[in-house]
Each structure stands twice: as structure tokens, then as C-alpha cells.
Amino acid sequence: MLKQYIFCFCMFFIFSGVGYSAEQTDSSQLIDEAVSLRSSSKGRLTEIVQVLKSRDLSREEQEYLTYLEGYLLAAQGSFKNSGKVIEGLLETSVVAEVRVLSTTLLVNVNAAQGNWSKGLASTQVLTLHMQELNKSSNLYQNALAVKGVFYNQIEQFELGLASALELFSIASGDRQTCAAANLIIESSNRLNKPLPDSTIPASAFEACQSYKVLEAFTATYMAERHLLESKHSDVIALLESRVTFFNQTKYPPLILNGFYALAKAYWQQGLVAKAEQLLEQLLAMDVANSNKAKLADVLLLLAKIRYSQGQLGNAFELMQRHVKLREQYLNDVTAKRLAFQLAQQHSIEKDNEIKLLAANKLLLAAETENNRLLILLLSLVLILLCLYVFRSHRNQQRLRQLAEFDALTGVHNRGHFTQLAKSALQFSQDSKKSVAVVLFDLDLFKKVNDTYGHACGDWVLKQVAGVCQELTRKNDVFARVGGEEFCFLLLGCDSHTALDVAEKCRRAIYGIDTKKSGFDFKVSGSFGVSDNQLSGYNLDRILADADEALYCAKSSGRNTVYLYDPGAEQTALLRPDGSLVS
Ligand SMILES: Nc1nc2c(ncn2[C@@H]2O[C@H](COP(=O)(O)OP(=O)(O)OP(=O)(O)O)[C@@H](O)[C@H]2O)c(=O)[nH]1
């Protein structure tokens, strides 16, 4: 739901317009209306699409219709299907405007799915297609805004700022100026840089006047800027009067930004009770998926407050949650950075391929003229280019390896596991198939490091990954998701089969012959299992439930397998000897 919300918000830049009776209006007029409709008028859009589908359309009109169908799918949250429709359309489209609209949609659809590599590839294609449009056109400017938003989403704030500045310099309406100025303030904040122009805040507030939610974002971005400059009373003056509006929007990213900045300013000014109230309200909301870094800041600030009040237990618990969320955020950032490097590498490769083709063509031409010297020279160039292409291909492979696999054990890393697991869970949900998760953590691993050394600890991690990898089937996903924590995602398995896999894995780990490391000790792991029937298809939920079961396994003495039981406090399923406990 949140993804849909954010998607519609991103697409807000693209649409605005009016409506007539769909039945009586001619097709091209209907298309114009549909393309310029606000993303909130989903009903009208659906109506127009239905009417157009029943008509005989020209090839160009058919392209617009396909685009609108793709747009509607995305607005309904069916991002995968939308992506397929749009990618198909882009293969054959002959209308420049449709190509830009479609690629813009594709950027947003990929962003909504957290598919950063594909999103970046779409952004590059979008840049090419935009060249076919006039810079003063709404479509060009809207595409620029979408690029800016996307770059900021993947934390490439320099690029976000560059797109925003270009948009600011050519903006032909309030909406574009508002979007550009907001993006400039946001990216400058994140880069911790002064604003490129002191008039930007005033322009932002003025241009955003008619777009209340965007204006509220301007206020939160300016509040962040005041916080950077320690102007705490300015933050309070800016945000206090907007609290009711923030609540009314029910838009999590906005509420999170606004409340946190205000709470921080209150706290700095010694207004602890007010800060506490806002932070508690935030923690009671479902904002976890909108901005992990900011939510981690919320937890940290509240922990500081509790600490200063002497509530050490609560402060510690909040700090633990903060650290966990911060770690997840850093994992996300790593995945985004690697996606960016991959995309850059990919575009270098493409450039090289083009150069190679051109050189090949020249060589052929020279051959026909029988110009020996030229042939020699070009052959040399060709060999050098081949070497260059080979090296950049190897670099690409290396980057992919870094992006997807854990360097020590060679199994999938956490970032890639998250991506694969999300797709697998979505697939299982769509096809109504069962799916299970086995999460395990090595027992007293710190002792292994402390007693036999870190190198021996690393050796154990590799052995564990090796024996568990052997237990996986073709479609299972196995990954190292933390220091000494691993996870299986088992497609088509219920908890019964998953318990079996977990037990086999537990025995395999316990059976590792450590003498080969030069020492003699036992390795064991504690396991938590859950499946879709117990936890549903949401990745965070199913992992949290398996983690709870794992925690029970640890508490009961380790080296054992527990199944998550939503109804009971603890449910032991399997003991080390394989017997059923509860
Ligand atoms: N050798 C090695 N150790 C690691 C690696 N990543 C994490 N660790 C260590 O794993 C240990 C985990 O310790 P704890 O979280 O205290 O857990 P534990 O000792 O396994 O105890 P329980 O989980 O309660 O059974 C820490 O000492 C980390 O330094 C790694 O890549 N290599």
C-alpha cells in the first residue's frame, strides 16, 4: 500500500487535467485528457481506458492506450505486470512522447519495487528519449523531475541536484518550479552543502502554494536545513503550526520527516515532553518502510531522552532497535551503491561495444580498398579494444559478484537475499504456493573466535556455508544474512518440510570435523522456522517470526530447531536427538 502511495505521489508531477463524457469524445481528445489527468483520478482514467479499448484506434493511439493500461496497473500496485506491458511497448514504440511517458513510468515502477539496477538502466534510456523532446515541454520537465526524485532515492544526491538545477532553470510552471526547488533543498541537505542560490526557499514556498502536500515537504526540508544550522527556534516556527496538516495527509514519509525535525528542535530547546510525545506518536504508526534512516534517528533520539530520564532498560531496548534498523539502512545503501556502479560499468561496456562495431566497420571498408597499412593499424586498434572490452566485462563480473555474494563464504549476501526473497514471496503469493524460511545462528561463536582465533572462526563460517549449501535445491535461496547468521528461503515448502531441512542442516553443522582447522571443538547452530501459513508472505514478518523461534531455540539451550508458534510463547519442536518436544 505504501509503495502504491509513494508511486502515485511520484507520478503526481506528470498529470493534471479536466474531463468530458468519455463516450461522446473522440479518441485523440480522450487520450490527451487521460495523459494529462492527475494520478488521483484513477476512476476517470479507468473509464477512458475502457472506452478506448472498445474503439478502432490508429497505431499511435494504440500505443497511448497500452501506456495508459501500464499506468493503471502500476497505480493498482501491480508493478511487475505494469513493467512487462511497458517494456513490451518500448520495444516497438514509434511515438517519441509515448517513449518518454513509458520510460518515466518504468523508472517509477522499478523504484517502487526497489529494483535499483533496472531503475538506473531505465533512467539512462529516459535521458536518451528525452533528447527527442523540446525542453520547454511539460513532458521533458516532468521527466527531469522524475529523474531527480529517482537519483535522490538511490542516494546519488549530486545527480539529483544536477537534474533539479536543470529543471529549476527551465521550469515553465509552478508545479515544475516547486518540484525542482524541493529537490534542490533535499539534495543539498543530504550533501550537507549550502543552497546553490539563496532565493530557492522563497521560490519553493511560493511555487508550492497550490500543492499543499508539496508545500509541507518544502517546510520539512527547510526544517532539516535549519537543524543543520542549529536554528532550532526556526524549525519550531516552521513546523509547529503544520502538525495537524501532517496528520491529515496520512502520508508516512511526510509525517516522519516533519515530526522528527520538530521533535529534535523541541529536544534541543529543552522541551523534552513535547519531543517525547511526537516521537512516541511516530513509533505507534506504521512508518517502518518509508525511511529506515529517519526511523533509526527517531529511535536514537527517544533512547537519549529515556537515558536522560534514567529509564535505562527502555533506552537500551530503543538503542538495540536503532542499531538493527541502521544496519538494515546501511545494507540498503550498499545495495543501491553497487547497483549504481553496475549501471555505470554497463554503460561503459555499451560504449565500448559501439566503438568496437565502428572499428570493425572501418576495417571492412579498408579491406575492400586493400590499404595494408590502414588494415594493420585498425587491426591493432581492434585488438586493443577487444582487450578493453574483455577487461570491462571482467570488472562487471567482479562488481556483480560483490553485489550479490558474500566475499567470505561465497553464498548470497543479505542485500541480494532480500531482493530474491521478496520476488520469491511475491511469486508464491501470486501462485498460492507455500514458502518457508529457516533462519539460524551459530552458537557461542564469539567463544570460537576468542579461543581459536578469527581465522579459525572464518574457516568455520566457510564450512557451515558449504554443508548447508549442499542441502539446498535448485530454487531455494540460501544466504549469509549477518555475521554468523544464515537463512534459507524454501520455495514450495511448508513448515513440516522446512523443519526437516533445518534438522538436516543442524546435524550437518554439528557433524563438521573441526580437526582440519588444527583444533578440535564442536560447532552447532540454533534454528528458527516459519512459513506462509504462520506468518504470511511479507518478508519482514516471516523473518521476524523465524527470528523469534530462533530466539526460543537459543534460550532453550541452543543446538536445536524451533518452529514459530503465533499462539504460544515458546514452542519447541525438535531437540538435538531429533525428538519432538511440545
Ligand atoms: N571469524 C569471524 N567472526 C565473525 C564474523 N562476523 C561476526 N563474527 C563474530 O561472531 C560473534 C557473534 O557473537 P555473539 O553475537 O555474541 O553471539 P554468539 O557468541 O554466537 O552467542 P549466541 O548467539 O548467543 O549463541 C562475534 O564475536 C563476532 O565478532 C566473521 O566474518 N568472521
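Just so you know, these numbers come straight off a predicted model, no measurement behind them. Order of listing sets the numbers, starting from 1, for every ligand and every atom in it.
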Check your understanding: What residue and heavy atom of the protein are closest to atom 29 (O) of ligand 1, and at what distance?
Key -> N449 ND2, 4.0 Å
Study note, to complete from the structure: In this structure, atom 20 (O) of ligand 1 is nearest to the protein heavy atom F445 N, 2.8 Å
Review point. Is it true that the side chains of S530 and D545 contain a donor and an acceptor less than 3.5 Å apart?
Key: no
Exercise for review: Under 4.0 Å from a heavy atom of D443: give me the atoms of ligand 1 that qualify, with their elements.
Suggested key: 20 (O), 25 (O)
Check your understanding: Passes side-chain contact (heavy atoms from CB on, under 4.5 Å), I86 versus V109? Steps please.
Key -> CA-CA 10 Å; I86 294 300; V109 162; over 6 Å; no
Exercise for review: State whether R506 and E503 are salt-bridged, where the test is any N-O pair (Lys NZ or Arg NE/NH1/NH2 against Asp/Glu carboxylate O) under 4.0 Å.
Suggested key: yes
Practice item. Under 4.0 Å, heavy atoms only, figure out whether ligand 1 is touched by the backbone of D441, its side chain, both or neither. Key: side chain
Exercise for review: Could you name the option among K554, K447, K446 that has the heavy atom nearest to atom 26 (C) of ligand 1?
Suggested key: K446
Study note, to complete from the structure: Within the 4.0 Å heavy-atom cut-off, what K462 brings close to ligand 1 is neither
Point to revise | Distance filter under 4.0 Å to R558 heavy atoms, resulting ligand 1 atoms | key: 22 (P), 24 (O), 25 (O)
Study note, to complete from the structure: If you scan protein heavy atoms around atom 31 (O) of ligand 1, the nearest is R480 NH2, 2.7 Å
**Study point:** Test: K554 and D443 ion pair at under 4.0 Å
**Key:** yes
Check your understanding: To which protein heavy atom is atom 7 (C) of ligand 1 closest, and what is the distance rounded to 0.1 Å?
Key -> G483 CA, 3.6 Å
Check your understanding: So does E186 pair up with R190, basic N to acidic O under 4.0 Å?
Key -> no
Exercise for review: State the atoms of ligand 1, each with its element, that fall below the 4.0 Å cut-off from a heavy-atom position in L442.
Suggested key: 20 (O), 23 (O), 25 (O)
**Study point:** Between T497 and D500: side-chain donor-acceptor atoms closer than 3.5 Å
**Key:** no
Review point. Considering only protein heavy atoms, which is closest to atom 17 (O) of ligand 1, and at what distance to one decimal place?
Key: E484 OE1, 3.7 Å
Review point. Going by the order shown, which atoms of ligand 1 are within less than 4.0 Å of some heavy atom of G457?
Key: 1 (N)
Point to revise | side-chain contact (heavy atoms from CB on, under 4.5 Å) partner of V464, the single match among T409, V411, I509 | key: I509
Practice item. Considering only NZ, NE, NH1 and NH2 on the basic side and carboxylate oxygens on the acidic side, decide whether E158 and K193 come within less than 4.0 Å. Key: yes
Revision key, fill the gap. The answer for which part of D458 has a heavy atom under 4.0 Å from ligand 1 is both
Check your understanding: Do L299 and L325 come within less than 4.5 Å of each other through their side chains, counting heavy atoms only?
Key -> yes
